[in-house]
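Inspection log for the structure reproduced underneath, given as structure tokens.
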Amino acid sequence: MERELNTTPESPRGDGAPDAGQQAFFLELLLRDAPAVEYERPVLRARSGGADAATVAALEDAKFAALRVRSVLRNRQRRESELSALFETANDLAGMRSLDQVLQAIVERARHLLGTDASYLTLSDAEAGDTYMRVTSGSVSAVFQQLRLAPGRGLGGLVATTGMPYVTANYFADPRFEHAENIDHAVREEGLVAILGVPLKMNGRGVGVLFAANRRERPFAHSEVALLSSLATHAAIAIDNANLIDDTRRALDELHTVNERLQRHTASVERSAAAHDRFTDLVLDGGGVREVAAAVAEVLGGAVRIHDRTSEVSVTASPSGEVGEPAPGGDPLTEGDDELAEAVLSSLSSGRAVAVEDTWVAAAAAGGEPLGSLVLRGVELDGTDQRVLERAAMVTALLLLIRRSVSETEHRVRGDLLDELLEVPARDPVSLRQRAALLHADLDAPHVLVVAEAAGADPQRLRSAATFVAETTGGLAANRGGRLVLALPGTDPSEVGARVSAELASAANGPVTTGSAGPTEGLGGFREAFAEAVRCLQTLRALGREGDAATVEDLGFSGLLLSQNRDVSGFVSVAIGPLLEYDERRGTLLVETLRAYFAAGGNLSRAKDDLHIHVNTVGQRLERIGQLIGADWQRPDRALELQLALHLHGLLDQGVDLLGDQGGG
């Protein structure tokens, strides 16, 4: 309950000064922070109670003193609140690491502390020589948020130029600023009227301006200017710290990037050193192209294919370590891929690895001669890895040169051995067998002799292919009189000849004509089989059958005439065997009918007279003959073979020894 104030004229003091009760009343008002209007109550009561002028004057003085104390207390409270807010702001800003986060916090706190409608911050652009809007709070205009202020233009330009705070209660009515059309347009669109701007300084250098603004007229007090300036000081420190943190972060990122590059480079150097050591060991240990392919796939990753042009085969290796067996084909220069072929030629001329999309190509060459190529797919190579691939190409070229030298020596030895086997007479059999054993060849095993020709083919490619066939089968190969001669283990000349013909044709990219004979029996059989194979080849060419492969059995009666072992019975059996078997089983006379038909010159009437049967019967028998030996039996070459077979069959039936002249060749 509010205590009554003694304001009667009979004041105990009698000098017009407020007594203790009156002073206590004002102190109570101060303690409960009463509104200013309540301080008038003692004065009004004194007047209404008829107090003298001195008493009323004393109360007025006490009232003013109490109001001054109230104002001082409120200012201190406000200052204390502002200082607390500044400390909180400084603490918050100190904990922020992102520049964007710091700037947004600054304008938000400025707007909150000053109680304005909007707050914003501009930063200086050293290159453009002006300031630009960096961040806003309470803004609604996109034009305002993208504003740029020229030096000295507008309130912000003036603050940035002079480094002093400026305030205006009504921006558009203030003549102190040099107004600019773009600035006025943006401020008007935002609806701002009263604006306070203070500089942001960093090490004595202005870096921007911090603003607080209202959308109605408002005079900013000196304390508000001081408060915003203090906030700007803390903000400048926070911005500097954030910039330092950003610079540190960028430096750390750069160091991290450099470190990663250094690590990658170190790893590449280590891979290069490991690859160099491995390639060196590979050469010293007598490794080959398969080992190089495996090493490249393991060191660089990806799938690698190495093509050996000296033998026209390729070797593949995968990152998992799987190495394929050598296989024909795979030459980038001939497989139809123009880009790959161009890359090989480019690598051959430059001596460097060449990239084609996700493929790397390196030529293996010696003195400009292409010996092979390396194709690596599925990996990206840096400079060091490219050197590894190029070094692998050099090692491949070295190995191919070594192998070619060894191979040429071995080819010469194999060729010399086969030449001696075909000589008349043959040299020391013991020496021949010993030399063959060194080449992993067994001369006492059955062999098939194959003689081959290919008009227009590259002789080197054909010789390489023939040598490869001989090496991989334990046989021998030589070049005699412009023809390739191969002696290969086997007992079936037709099968061996057809296989050799196909492999040589693939290497020559064209038809290859081959004659084959065998199997051999002993060392002397090589010379006899060779002579027979040559006669088969000559016969094929005489018959116009280039590109075919044949034995004497495949040549019919021509083969019978050419063969050293004239198997007359076998020829007769092949030619008319089905008719002989049919006659024996059915008791028919198909063989006699066929002989009579040929004797009559193909005239059915004359044939039926000789056979004493009806002409229709002759026709029926001839139809049966066609069903048994083939409908083309009347073709001239078949008819000739059949007539010869019928003649020989008749001689055999009469007991004539048709092999008695064999020894005469």
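Numbering of residues begins at 1 and proceeds along the displayed sequence.
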Excluding sequence neighbours, so at least two apart, what forms side-chain contact (heavy atoms from CB on, under 4.5 Å) with E357?
-> E339
From CA spacing to verdict: side-chain contact (heavy atoms from CB on, under 4.5 Å), I629, I625 = CA-CA 6 Å; I629 63 175; I625 289 172; 3.7 Å; yes
Derivation and outcome, side-chain contact (heavy atoms from CB on, under 4.5 Å), residues N479 and R463 = CA-CA 8 Å; N479 193 320; R463 281 196 299 271; 3.7 Å; yes
Are any non-hydrogen side-chain atoms of T473 and R499 less than 4.5 angstrom apart?
-> yes
Pairwise side-chain contact, L374 with L389, heavy-atom cut-off 4.5 Å (strictly under) = yes
One should read off an interatomic distance between T467 OG1 and L486 CG, to the nearest 0.5 angstrom, of 8.0 Å
Value rounded to 0.5 Å, distance of CZ in R483 from CG in L462 = 13.5 Å
Is R585 paired with E581 through a side-chain N to carboxylate O contact shorter than 4.0 Å?
-> no
D492: what forms a side chain to side chain donor-acceptor pair (under 3.5 Å) with it, not counting sequence neighbours?
-> none
Evaluate the side-chain contact (heavy atoms from CB on, under 4.5 Å) criterion for residues V304 and V375: first the C-alpha distance (whole Å), next the side-chain angles of each, then the deciding distance (0.1 Å), finally the verdict.
-> CA-CA 6 Å; V304 63; V375 179; over 6 Å; no
Pairwise distance NE2(H307) to CG(L371) - rounded to 0.5 angstrom | 11.0 Å
Given the options Q634, R621, R606, Y597 meets side chain to side chain donor-acceptor pair (under 3.5 Å) only with Q634
Roughly how far apart are L590 CG and L580 CG, rounded to 0.5 Å?
-> 9.5 Å
Are R305 and T316 close enough, and set up right, to give a side chain to side chain donor-acceptor pair (under 3.5 Å), and what steps lead you there?
-> CA-CA 4 Å; R305 184 185 74 204; T316 60; over 6 Å; no
Using the ring of each side chain (for Trp, its six-membered ring), is W633 parallel, tilted or perpendicular to F598, with breaks at 30° and 60°?
-> perpendicular
